[in-house]
Amino acid sequence: MRFLKEGLRYHGCAIKSGVKPTTFTTNHLINLYSKHGLLQQAHKLFDEMPERNVFTWNAIISAYIKSRNLTQARALFDSATHKDLVTYNSMLSGYVSADGYETHALELFVEMQLMRDQIGIDEFTLTTMLNLTAKLSVLSYGRQLHSFMVKTANDLNGFAVSSLVDMYSKCERFGEACRVFYGCGGELDLVSKNAMVAACCREGELEMGLNLFWREPELNDIVSWNTLISGYAQNGYEKESLKLFVLMAENGFRWSEHTFASVLNACSGLRSLKLGKEVHAWVLKNGLSSNPFISSGIVDIYCKGGNMKYAELVHAANGIENSFSVTSMIVGHSSQGNMVEARRLFDSLTEKNSVVWTALFSGYVKSQQCEAVFELLSEFRAKEVIVPDALILISVVGACAIQAAIDPGKQIHAYILRMGIHLDEKLMSAMVDMYSKCGNITYAENIFQRITHRDLILYNVMIAGYAHHGREKEQLLRIEDDNGARYVQLANVYAAEGKWAEMGRIRKKMRGKEVKKLAGCSWVYVENKVHTFTSGDRSHMKTEAIYSALVCLAAELNDIAQEEIRAGAVC
DNA sequence: GTATTAACCA
């Protein structure tokens, strides 16, 4: 009985003829009904069974797990008269894949360890737990699991390698992910390869990911393509991502909804309304609007393109339940300076996650409404049980920097230390920026000195701080907006410190963003028109006339100078 | 019969 139709026919015949199916057959039927979402029918069969074995319990428990009813699944788990390792592993994986049941998963795993003699732990338990570790990003758990796997010789199969690579990558240990992947020595396993390509993308090592992708390309599946397309889009290489999308079709792969979500991401990164409209039409034509990832992607494209009217229309059609869509709208209104509307949307949400809070916080900062930022922080602390995360605090520290408010800045700094909030690179940079803009370059410098992993933003902020305090020596220090000069200058800073890898990364970033170093130029206002020129510039229409005038002027200046020197000598 | 890789919002 592999198909539902077959199962239903058999079930009907059994009822009509009065023949009671065996426990074995009924177990099969329960699994079949559960697979097709017929949970009630499955449960009815379960209730009517005169005898149940361990397979019966496993079937009904996993039926509830599949339908995301973990409370009922756990109730059945607790009342089960027969349980084996599969029962435990199913319950464990149910908890791991659901949101908000992480503690339950950990507790169950502890219970399994205590009952190791009766139940045992196998490779399924271990890979499921690695998945949880990756989700929670707790490296120490991951390391313990890895050691256990090595000890029990469970560390070399495809499932183990892919889970380990994924775990180390999500715990921000790219090097260890590489070591596991290249150390396993066996044949190239597709899922492990895909996990490693994803790890490269997460690390920003796109070239490495691409090389791996083209190694044994006949192995590649749609996940390999989707991973690469998404990786390019997320690292700011939107055009390359779209090119890969075309190449994917040329290689005979049809796109999936995952592919499309990444394509939307690339389009919103390009901030092109024209492209956005084309993609929107495509989505409508292919009936993809019901996918929440895709519909919120469309809203995001219109928000990033600055067309809030269109964004509003699509958002209204999506329904307000899509929190991604709402967040995009908040960011969109904020970028237009419409904080009233942003606030209204924020208030309309019954559940507010940290991304939504961050969106509103940074909206107020961008609109320079610093008082609103401080008020929002009090509101957050009154409403939420959790402490504000680093991204929220960056906004608050940023507001202090704008107002040059050193006392509130110090208070926030003390609050962060008191609450033991993890100071990541971005928060540290914000702090350095705040102290330097509040006029205390010494504090800024102290924080800077204590940071061991200095990234591009941090150097940027510190250099700007020195420049503003008149401490520039590295004439390169002309701090302006995001232009090529700044990247080049940073690359030079890294080069001076011998950080060649970092320098290479900036150069790569420049290529990706197509940033070009602009030569410093001067301008002159003649007859209602601005004329710009650089040193040695010969591009002006009247370049010959200009240079001959310059020769005359230089000669005249020379004469005047000679005259003055002679006069000086007489005096 | 349970497990692994890819998607949206700061």
Side-chain angles (χ1 to χ4, degrees), chain A residues 27-28 30-31 34-35 54-63 65-66 84-94 96-97 122-131 134 157-167 169-170 189-199 201-202 221-231 233-234 255-266 268 291-301 303-304 318 322-332 334 353-363 365-366 389-392 394-395 426:
Chain A
N27 290 345
H28 254 309
I30 291 176
N31 279 322
S34 144
K35 201 173 126 191
V54 69
F55 295 94
T56 321
W57 287 102
N58 288 346
I60 194 68
I61 289 168
S62 71
I65 290 172
K66 269 193 203 108
D84 64 1
L85 184 54
V86 175
T87 332
Y88 273 85
N89 282 344
S90 306
M91 197 67 235
L92 189 69
S93 95
V96 170
S97 44
D122 68 357
E123 65 268 31
F124 287 89
T125 326
L126 294 167
T127 47
T128 307
M129 284 307 293
L130 279 178
N131 193 0
N157 66 58
F159 282 114
V161 172
S162 60
S163 310
L164 283 167
V165 166
D166 186 55
M167 181 275 293
S169 156
K170 286 183 180 158
D189 165 79
L190 174 62
V191 181
S192 304
K193 175 182 164 174
N194 287 347
M196 193 63 222
V197 172
C201 293
R202 219 169 271 134
D221 65 355
I222 186 159
V223 177
S224 325
W225 283 95
N226 288 348
T227 306
L228 211 58
I229 291 172
S230 135
Q234 282 182 345
W255 50 266
S256 69
E257 300 197 355
H258 277 266
T259 326
F260 220 85
S262 301
V263 168
L264 291 179
N265 190 18
S268 77
N291 181 319
F293 290 96
I294 291 178
S295 57
S296 67
I298 297 285
V299 172
D300 194 47
I301 287 180
C303 287
K304 295 258 167 73
N318 286 351
N322 190 324
S323 77
F324 292 109
S325 193
V326 181
T327 316
S328 291
M329 294 289 291
I330 291 175
V331 176
S334 302
N353 61 26
S354 75
V355 182
V356 181
W357 278 101
T358 308
L360 194 64
F361 268 107
S362 63
V365 176
K366 263 182 250 156
D389 67 14
L391 284 169
I392 291 175
I394 286 169
S395 289
K426 286 178 195 154

TODO: May I have the distance from A/N31 (atom CG) to B/dT2 (atom P), rounded to whole angstrom?
DONE: 7 Å
- [ ] Specify the separation, in whole Å, of atom CG of A/D189 and atom P of B/dA3.
- [x] 17 Å
TODO: Send over the distance from A/N89 CG to B/dT2 P, rounded to a whole Å.
DONE: 11 Å
Task: Whole-Å gap separating P (B/dG1) and CD1 (A/I60) - done: 16 Å
TODO: Check the distance between B/dC9's C1' and A/I301's CD1 and give it to me in whole angstrom.
DONE: 13 Å
Open item on the list: Nearest to the side chain of A/T358, heavy atoms from C-beta on, is which of B/dT2, B/dA6, B/dA10?
Closed with: B/dA10
Open item on the list: Classify A/D84 by what it touches in the nucleic acid, base, sugar-phosphate, or nothing, heavy-atom distance under 4.0 Å.
Closed with: base
Open item on the list: Please tell me if A/N157 has a side-chain N or O lying less than 4.0 Å from either OP1 or OP2 of B/dA3.
Closed with: no
Open item on the list: At 4.0 Å (heavy atoms only), tell me whether A/T227 reaches a base, stays on the sugar-phosphate, or touches nothing.
Closed with: sugar-phosphate
Open item on the list: Would you say that A/L190 contacts A/S224 through its side chain, given a criterion of any heavy-atom pair below 4.5 Å between the two side chains?
Closed with: yes
TODO: Check whether any side-chain N or O of A/N322 sits under 3.5 Å from a backbone N or O of A/P292 as a donor-acceptor pair, and report yes or no.
DONE: yes
Task: Closest listed nucleotide, where the reference is the side chain of A/S262 and the choices are B/dG1, B/dT5, B/dA7 - done: B/dA7
Task: Rounded distance (Å) that lies between atom C1' of B/dT4 and atom CG of A/D166 - done: 8 Å
Open item on the list: Using a 4.0 Å heavy-atom cut-off, does A/S62 contact any base of the nucleic acid, only the sugar-phosphate backbone, or nothing at all?
Closed with: nothing
Open item on the list: For B/dA3, is there a stacking contact with A/F124, counting only centres under 5.5 Å and planes under 30°?
Closed with: no
Open item on the list: Ignoring hydrogens and geometry beyond distance, is the side chain of A/S328 in donor-acceptor contact with the base of B/dC9 at under 3.5 Å?
Closed with: no
- [ ] To the nearest 0.5 angstrom, please state how far the CG atom of A/L264 sits from the CD1 atom of A/I301.
- [x] 4.5 Å
- [ ] Describe the nucleic acid contact of A/N131 in one word from base, sugar-phosphate, nothing, applying a heavy-atom distance below 4.0 Å.
- [x] sugar-phosphate
Open item on the list: When you measure from the side-chain N and O atoms of A/Q234 to the phosphate of B/dA6, is any distance below 4.0 Å, counting only OP1 and OP2?
Closed with: no
- [ ] May I ask you to test the A/D221-A/N194 pair for a side-chain heavy-atom distance under 4.5 Å?
- [x] yes
- [ ] Rounded off to whole Å, could you give me the CE-to-P distance for the A/M329 and B/dA10 pair?
- [x] 14 Å
Open item on the list: By the 4.0 Å heavy-atom rule, please label A/V331 as base, sugar-phosphate, or nothing.
Closed with: sugar-phosphate
Open item on the list: Donor-acceptor check, side chain of A/D300 to backbone of A/C303, threshold 3.5 angstrom: yes or no?
Closed with: no
Open item on the list: Between A/R202 and A/Q234, is there a side-chain heavy-atom distance shorter than 4.5 Å?
Closed with: no
Open item on the list: At 4.0 Å (heavy atoms only), tell me whether A/K366 reaches a base, stays on the sugar-phosphate, or touches nothing.
Closed with: nothing
Open item on the list: Under 4.0 Å, heavy atoms only, any strand: does A/N58 hit a base, just the sugar-phosphate, or nothing?
Closed with: base
Open item on the list: Just the rounded figure in Å: distance from P of B/dA7 to CG of A/L264.
Closed with: 14 Å
